[in-house]
Amino acid sequence: MKTDLSSQIKLDMIPRRYYNPDSEIELVALRREEKIYTKICETAAEGADYLAAQMAKYINRYTEQQGKCVMALGAGVSTHRAYAALIKLYKEGKVNLENVVVFNLCAFFPVQPDGPSTLAKLNEVFLSATNIKPENIHTFDAASTKENVFESTQAYEQAIENEGGLDVVFCELGTNGSLAFNEPGSPANSYCRMVLLGSEARHQVASDYKCDTAPTTALTLGIANILSAKRILVAAWGENRAAIVKKAVENAPTTAVPASALQGHPHVKLVIDLPAADALTRISMPWKVTSCDWNDKLIRRAIVWLCQQTGKPILKLTDKDYNDWGLGELVALYGSAYNVNIKIFNDLQHTITGWPGGKPDADDTYRPERANPYPKRVIVFSPHPDDDVISMGGTLQRLVDQGHDVYVAYETSGNIAVGDEDMMRYFLMMDKIAPMFGFATPGYDKLTKEVREFVATKKAGEMDTADIREIKTMIRQAEATIACNYIGVKPSHIRFLRLPFYETGTIKKGELTEKDVNIVKALLEEVKPHQIFVAGDLADPHGTHRVCTDAVLAAVDELKDEAWMKDCNIWMYRGAWAEWEIDHIEMAVPISPEQLRSKRNSILKHQSQMENAPFLGDDDRLFWQRAEERNRATAALYESLGLASYEAMEAFVQYHPIR
């Protein structure tokens with residue numbers, strides 16, 4: 001069973017010469033926008049091997065020169081692969097770690113005996129498998145208090161100085177541009193200190209350390225301490241690092257992106273994989289730094305960029321525009337600006353359809369979805385009980401209105417996203433009507449008493465009781481059912497799968513297993529759909545979407561040779577956080593003002609997810625506001641390119657099972 005297929009989705013096939021050219025001269029040209037030495041590897045595994053080789057080289061060099069190598073090491077998830085590769089080199093006798101002196105880069109504060117620990121993590125993934133001497137492993141004083149933390153951090157800096165200073169720092173690049181626990185706002189001259197962790201950092205800690213309540217403060221070496229090292233190695237993997245990698249590497253240094261301070265260091269190497277490199281100029285806009293291997297997607301991206309630079313729609317671009325902005329190569333390839341313009345205009349025009357299930361008996365040569373069979377059996381997989389309407393509510397309404405047999409499958413209960421206040425609102429109502437309808441029984445009285453007592457004494461991060469989790473599940477299911485009824489989905493076609501990986505009662509979730517996949521597989525075998533819609537939030541901020549996507553893709557993989565599966569199109573949508581880039585969009589469904597209001601109403605049926613939803617993050621817009629702004633922005637982009645003007649649009653990318 002393949003449970004990680006979402007990680008294998010590649011929307012772009014990047015020519016190797018963009019990230020690993022044969023010529024050093026060409027590499028210099030490619031890096032012309034980059035102010036930090038950035039090594040792009042095809043995969044994270046390849047990058048980890050490179051980092052391990054670099055660390056082994058530095059360790060051997062400094063040990064030979066000065067008898068020891070002093071390192072400050074981070075324990076972030078991105079570092080773990082490199083540690084595993086370094087352990088392999090150590091076991092092969094290619095590096096001796098006996099004379100390595102380790103300083104823990106950062107630690108949670110105050111130290112909790114049963115809480116998360118960066119040193120424990122570092123020991124687990126690296127130190128315990130080596131011959132590094134215990135007396136050479138240093139960390140922050142566990143006895144530090146807020147009253148003496150200044151003296152404690154100064155003593156830690158002095159311990160580093162006593163060892164002759166740092167030879168090597170190795171850490172990960174955080175999603176917000178942090179280094180260690182130096183969060184946005186940390187100046188380049190910051191030293192070892194206590195810091196307050198932001199909500200994004202705490203959420204990442206909760207995810208990485210599998211804990212429900214993350215610490216709010218930490219101790220960390222400052223940016224200045226990191227910059228004092230002779231060599232700095234930084235790792236970043238995955239699509240959700242792409243935007244911050246570009247800011248750190250190509251934009252001007254700023255305290256808003258602490259890692260951008262690395263631009264001033266002469267010996268730093270940032271090692272990333274292709275997904276993390278996606279926003280760098282040489283990957284996203286290679287025409288600015290080299291001649292290109294042009295394909296349809298890259299041409300589309302270049303033309304959209306050119307339209308944005310000139311403020312012109314596609315069909316008004318001239319030969320001069322192409323030449324002035326460094327895209328004369330396209331004119332040479334196609335003979336004239338007109339030929340390029342009309343090609344891309346038609347390509348984009350053909351992505352637009354008001355018939356997401358296909359228009360019956362119509363010529364579908366240039367339509368994204370085939371006309372027949374009609375009506376189609378459609379399954380919309382929704383990770384949480386509101387992602388369907390948030391992400392593709394307008395398309396879902398069209399599929400129903402156009403007569404297709406639509407199923408909506410909610411993959412998780414979403415119960416941890418129901419606040420206690422929202423739940424108690426239902427109990428207040430029940431207390432009033434229980435006597436009227438005769439269910440004010442001893443059993444009901446006992447349940448309400450237990451619930452009230454638990455909520456009144458509930459501690460932060462404490463797991464809800466099984467009864468409360470079930471009640472919160474009922475609330476989410478009722479809201480989803482009302483939203484589906486509003487849209488017109490048949491009650492018999494609403495499925496609550498409650499995948500087991502989610503049902504832990506805590507933020508920490510289990511691993512995807514065969515049991516989860518079999519539940520999805522059973523639904524697919526029952527319905528035998530002609531269309532599947534699945535979440536494509538590969539950089540989902542809290543992970544559940546990606547696991548749910550992997551469950552569907554794993555089930556599809558096991559069924560891909562079935563006759564009915566060969567006649568099934570799979571479309572990926574994105575949620576409230578981001579939209580597909582226009583060069584990837586293969587189906588764009590217009591939404592009228594009336595349909596957008598209807599979509600908003602369907603989102604508002606999920607009352608427990610309005611103001612009190614716990615996963616809104618640092619973005620204070622509500623889900624319906626995010627969805628509307630995202631959909632309007634997509635429509636505005638199409639309009640700016642000279643295509644039809646719509647109120648809003650929902651976008652999709654087709655997934656093809658990996659064979």
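Because the structure is predicted, anything quoted here is derived from the model rather than measured. We're numbering straight along the sequence, starting at 1.
Heavy-atom contacts from other residues, nucleotides or ligands closer than 6.0 Å to NZ of Lys247 number 12 or fewer. Within a 6.0 Å radius of NZ in Lys560, more than 12 heavy atoms belonging to other residues, nucleotides or ligands are found. Lys57 NZ: more than 12 foreign heavy atoms inside a 6.0 Å radius.
The side chain to side chain donor-acceptor pair (under 3.5 Å) test with Glu647 is passed by exactly one of Gln595, Arg632, Arg597: Arg632. Among Lys376, Lys528, Arg370, Arg377, the single residue meeting the salt bridge (charged side-chain N to carboxylate O under 4.0 Å, His left out) criterion with Asp567 is Arg370. Checked options Arg282, Arg17, Arg16, Arg31; the residue passing with Glu26 is Arg17 (criterion: salt bridge (charged side-chain N to carboxylate O under 4.0 Å, His left out)).
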Take Ser382 and Glu411, measure what side-chain hydrogen bond (donor to acceptor under 3.5 Å, both in side chains) needs, and give me the verdict at the end. CA-CA 6 Å; Ser382 179; Glu411 294 173 86; over 6 Å; no
Determine whether Leu233 and Val169 satisfy the following criterion, side-chain contact (heavy atoms from CB on, under 4.5 Å), listing intermediate values before the conclusion. CA-CA 6 Å; Leu233 297 170; Val169 169; over 6 Å; no
Under the criterion ring pair (Phe, Tyr, Trp, His ring centres under 6.0 Å), I'd like the reasoning laid out for His545 against His384: C-alpha separation, chi angles, the key distance, then a yes or no. CA-CA 8 Å; His545 283 211; His384 300 95; 5.3 Å; yes
The test is salt bridge (Lys or Arg N to Asp or Glu O under 4.0 Å); show your working for Lys343 and Asp347 and say whether it passes. CA-CA 6 Å; Lys343 170 186 166 47; Asp347 285 351; 3.3 Å; yes
Step by step, work out the salt bridge (Lys or Arg N to Asp or Glu O under 4.0 Å) result for Arg398 and Asp401. CA-CA 5 Å; Arg398 279 186 181 270; Asp401 291 346; over 6 Å; no
Check the pair Asp561 / Lys566 against salt bridge (Lys or Arg N to Asp or Glu O under 4.0 Å), numbers first and verdict last. CA-CA 7 Å; Asp561 293 325; Lys566 293 177 182 177; 5.2 Å; no
Where do Thr544 and Cys548 land on the side-chain contact (heavy atoms from CB on, under 4.5 Å) test, with the steps shown first? CA-CA 6 Å; Thr544 301; Cys548 287; 4.0 Å; yes
Begin from the C-alpha positions of Asn631 and Lys599 and carry the test side-chain hydrogen bond (donor to acceptor under 3.5 Å, both in side chains) through to its verdict. CA-CA 11 Å; Asn631 296 157; Lys599 173 175 177 172; 2.6 Å; yes
Which is it for Leu637 and Val304 under the side-chain contact (heavy atoms from CB on, under 4.5 Å) test, yes or no, and what are the steps along the way? CA-CA 9 Å; Leu637 179 55; Val304 171; 4.3 Å; yes
Are Asp550 and Ser6 close enough, and set up right, to give a side-chain hydrogen bond (donor to acceptor under 3.5 Å, both in side chains), and what steps lead you there? CA-CA 6 Å; Asp550 278 328; Ser6 65; 2.9 Å; yes
Please report the C-alpha distance between Cys292 and Glu329 in whole Å, then the side-chain angles of each, then the deciding distance to 0.1 Å, and finally whether the side-chain contact (heavy atoms from CB on, under 4.5 Å) criterion is met. CA-CA 8 Å; Cys292 292; Glu329 193 174 33; 4.1 Å; yes
Using the rule given for side-chain hydrogen bond (donor to acceptor under 3.5 Å, both in side chains), can you reason through Thr395 versus Glu650, listing the C-alpha separation, both sets of side-chain angles and the distance that settles it, and then say yes or no? CA-CA 7 Å; Thr395 301; Glu650 292 172 341; 2.6 Å; yes
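Of all heavy-atom pairs between Tyr374 and Pro360, the closest is CG-CB, 3.6 Å. When all heavy atoms are compared, the tightest approach of Ile232 to Ile226 is CD1-O, 3.4 Å. In terms of heavy atoms, Ala48 sits closest to Ala82 at CB-N, 3.6 Å. For the pair Ala261 and Ala188, the tightest heavy-atom approach, listed with the atom from each and the gap, is CB-CB, 4.2 Å. When all heavy atoms are compared, the tightest approach of Ala259 to Leu179 is CA-CD1, 3.8 Å. The minimum heavy-atom distance linking Glu369 with Gly358 is given by the pair CG-N, 3.6 Å.
Within the structure, the ring pair (Phe, Tyr, Trp, His ring centres under 6.0 Å) test picks out the following pairs touching residues 259-300 (sequence neighbours left out): Trp287-Trp305. Screening residues 8-46 for ring pair (Phe, Tyr, Trp, His ring centres under 6.0 Å) gives no qualifying pairs among residues at least two apart or on separate chains. Sequence neighbours left out, the pairs with a member in residues 636-659 that pass ring pair (Phe, Tyr, Trp, His ring centres under 6.0 Å) are Phe533-Phe652.
When side chains are defined from C-beta on, Val378 does not count as touching Leu396, because their heavy atoms never get closer than 4.5 Å. In this structure the side chain of Ile379 never reaches within 4.5 angstrom of the side chain of Val408, judged on heavy atoms.
A donor-acceptor contact closer than 3.5 angstrom links the side chains of Glu200 and Thr175. Side-chain contact of Asn601 with Ser598: a donor-acceptor pair under 3.5 Å is absent, judged by distance alone. A donor-acceptor pair shorter than 3.5 Å can be found between the side chains of Ser78 and Glu172.
The backbone N or O of Glu639 lies less than 3.5 Å from no partner atom in the side chain of Ser645, so there is not a single donor-acceptor pair.
In this structure, Asp361 has no salt bridge (Lys or Arg N to Asp or Glu O under 4.0 Å) partners at least two apart in sequence or on a different chain. The salt bridge (Lys or Arg N to Asp or Glu O under 4.0 Å) search around Arg630 returns Glu579, not counting sequence neighbours. The side-chain hydrogen bond (donor to acceptor under 3.5 Å, both in side chains) check on Thr255 picks up nothing, with sequence neighbours excluded. For Thr365, the side chain to side chain contact (heavy atoms under 4.5 Å, CB included) partners are Asp363, not counting sequence neighbours. By the side chain to side chain contact (heavy atoms under 4.5 Å, CB included) test, Glu183 is found to be paired with Asn176, Ala201, residues two or more places apart in sequence or in another chain being considered. Not counting sequence neighbours, Glu46 has no partner by the salt bridge (Lys or Arg N to Asp or Glu O under 4.0 Å) test. Residues that satisfy the side chain to side chain contact (heavy atoms under 4.5 Å, CB included) test with Pro266, not counting sequence neighbours, are absent from this structure. In this structure Arg600 satisfies the salt bridge (Lys or Arg N to Asp or Glu O under 4.0 Å) test together with Glu628, sequence neighbours excluded. For the ring-ring contact (aromatic ring centres under 6.0 Å, His included) test, no residue two or more places apart in sequence or in another chain qualifies with Tyr338.
If you take SG on Cys41 and CG on Asn20, they are separated by 8.0 Å, rounding to the nearest 0.5 Å.
Between Lys312 and Asp321 a salt bridge is recorded (basic side-chain N to carboxylate O distance below 4.0 Å).
A cation-pi geometry, defined here as NZ or CZ lying under 6.0 Å from the six-membered ring centre and within 45° of its normal, holds between Lys39 and Tyr50.
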